[in-house]
Amino acid sequence: MEWTMLLLAGGKSSRMGVNKALLTIGGVVNISRVASVLNKVSENILVITNTFEDYRFLQLPLIPDLHKDQGPLGGLHAGMASSKTELQFLTACDMPFVSAAAINDIISYYEPEFDAVIPEINGRIQPLFAVYHKRCLPVLTECLLKNELKMSLFLEKISVKIMKESDFKIYHENPEHFQYLFFNMNTREDYQEAGYISQTELYIKDGRHEL
């Protein structure tokens, strides 16, 4: 089964004050770190961005939003519309410690009768680290045209399979580090914490973190 990896390069980063995709952690540019993890799962990667010049260094296909300034839903729509596969894995650039093992666990949890597989970690869903089938595209388009931009409204209209912590193989193999996979970096404080995590909690070598 073929997959397309959709990498959201991020929006205005208003809370961070700078482009969080281009911040470095452990000497590696954040979005490069995430892209390298995605490449372990599939070489078919699309970067969703409206600022091509910022990301040409990745040497990956760059896809602009068709519905600009519509947040993550607009990014998912652009990626899904450009994808040549039925199944896509969506990842945001502000999750610096994602792992290929976790992505493969989510992909393996997919069943054809569902439109999406979304993790729920510590009671909080993670729709920007999830599987989506291309048949979601008409619903997604409808949400954008109606200016219904909350991810929760979109998810209410599709069939979602929820994946809990205990459903991950990697959770059972390394539960103490599992929490860091879903660490979300939105503020300068988050960025400082990410630096601390990378130095003290995770083993990082040549831009690759190992859990």
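For reference, positions follow the sequence shown, starting with 1. None of these values were measured; they are calculated from a predicted model.
The pair Lys164-Glu120 meets the salt-bridge criterion, since a charged nitrogen lies less than 4.0 angstrom from a carboxylate oxygen. Salt bridge present: Lys146 and Glu142 bring a charged side-chain N and a carboxylate O closer than 4.0 Å.
Remark: the backbone N or O of Asp65 is paired with a side-chain donor or acceptor of Asn50 at under 3.5 angstrom. Distance alone, capped at 3.5 Å, is enough to place a donor-acceptor pair between the Asn30 side chain and the Cys93 backbone. Panel note: side chain Glu165, backbone Asn122; a donor-acceptor pair is recorded below 3.5 Å. For Asn44 (side chain) and Glu2 (main-chain N/O), no donor-acceptor pair under 3.5 Å exists by modelled atom type. Side-chain N or O atoms of Thr187 include one that pairs as donor or acceptor with a backbone N or O of Asp190 at under 3.5 Å. Listed for the Thr51 side chain is no donor-acceptor partner under 3.5 Å among the backbone atoms of Glu53. Listed for the Thr4 side chain is no donor-acceptor partner under 3.5 Å among the backbone atoms of Ser83. A donor-acceptor contact shorter than 3.5 Å is absent between the side chain of Tyr55 and the backbone of Ile48.
For the pair Lys161 and Tyr109, the distance from NZ or CZ to the six-membered ring centre is under 6.0 Å and the angle to the ring normal is within 45 degrees.
Here the shortest heavy-atom pairing between Lys169 and Asp105 reads N-OD2, 2.9 Å. Of all the heavy atoms in Leu22 and Asp54, the pair that sits closest is CD2-O, 4.0 Å. Residues Met185 and Pro96 come closest through the heavy atom pair CB-CD, 4.3 Å.
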Please table the atom pairs, donor to acceptor, closer than 3.5 Å between any side-chain atom in residues 71-81 and protein atoms at least two apart or in another chain.
unit_1: His77; atom_1: NE2; unit_2: Thr141; atom_2: OG1; d: 3.2

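Residues passing the salt bridge (Lys or Arg N to Asp or Glu O under 4.0 Å) test with Lys157, sequence neighbours excluded: Glu148.
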**Q.** Derivation and outcome, side chain to side chain contact (heavy atoms under 4.5 Å, CB included), residues Arg135 and Asp115
**A.** CA-CA 7 Å; Arg135 61 174 167 261; Asp115 298 324; 2.5 Å; yes
**Q.** Intermediate values then yes/no, side chain to side chain contact (heavy atoms under 4.5 Å, CB included), Phe114 and Ile158
**A.** CA-CA 8 Å; Phe114 291 93; Ile158 64 174; over 6 Å; no
Q) side chain to side chain contact (heavy atoms under 4.5 Å, CB included) between Leu181 and Ile170: does it pass, once the steps are laid out? A) CA-CA 10 Å; Leu181 297 178; Ile170 192 173; 4.1 Å; yes
**Q.** Full working for side chain to side chain contact (heavy atoms under 4.5 Å, CB included) between Phe129 and Val98
**A.** CA-CA 9 Å; Phe129 192 64; Val98 296; 3.4 Å; yes
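In this pair, Phe182 and Phe168 present their aromatic rings perpendicular. The plane angle is above 60°, beyond the 30 to 60° band.
Of the N and O atoms on the side chains of Ser36 and Asn39, not one donor lies less than 3.5 Å from an acceptor on the other residue.
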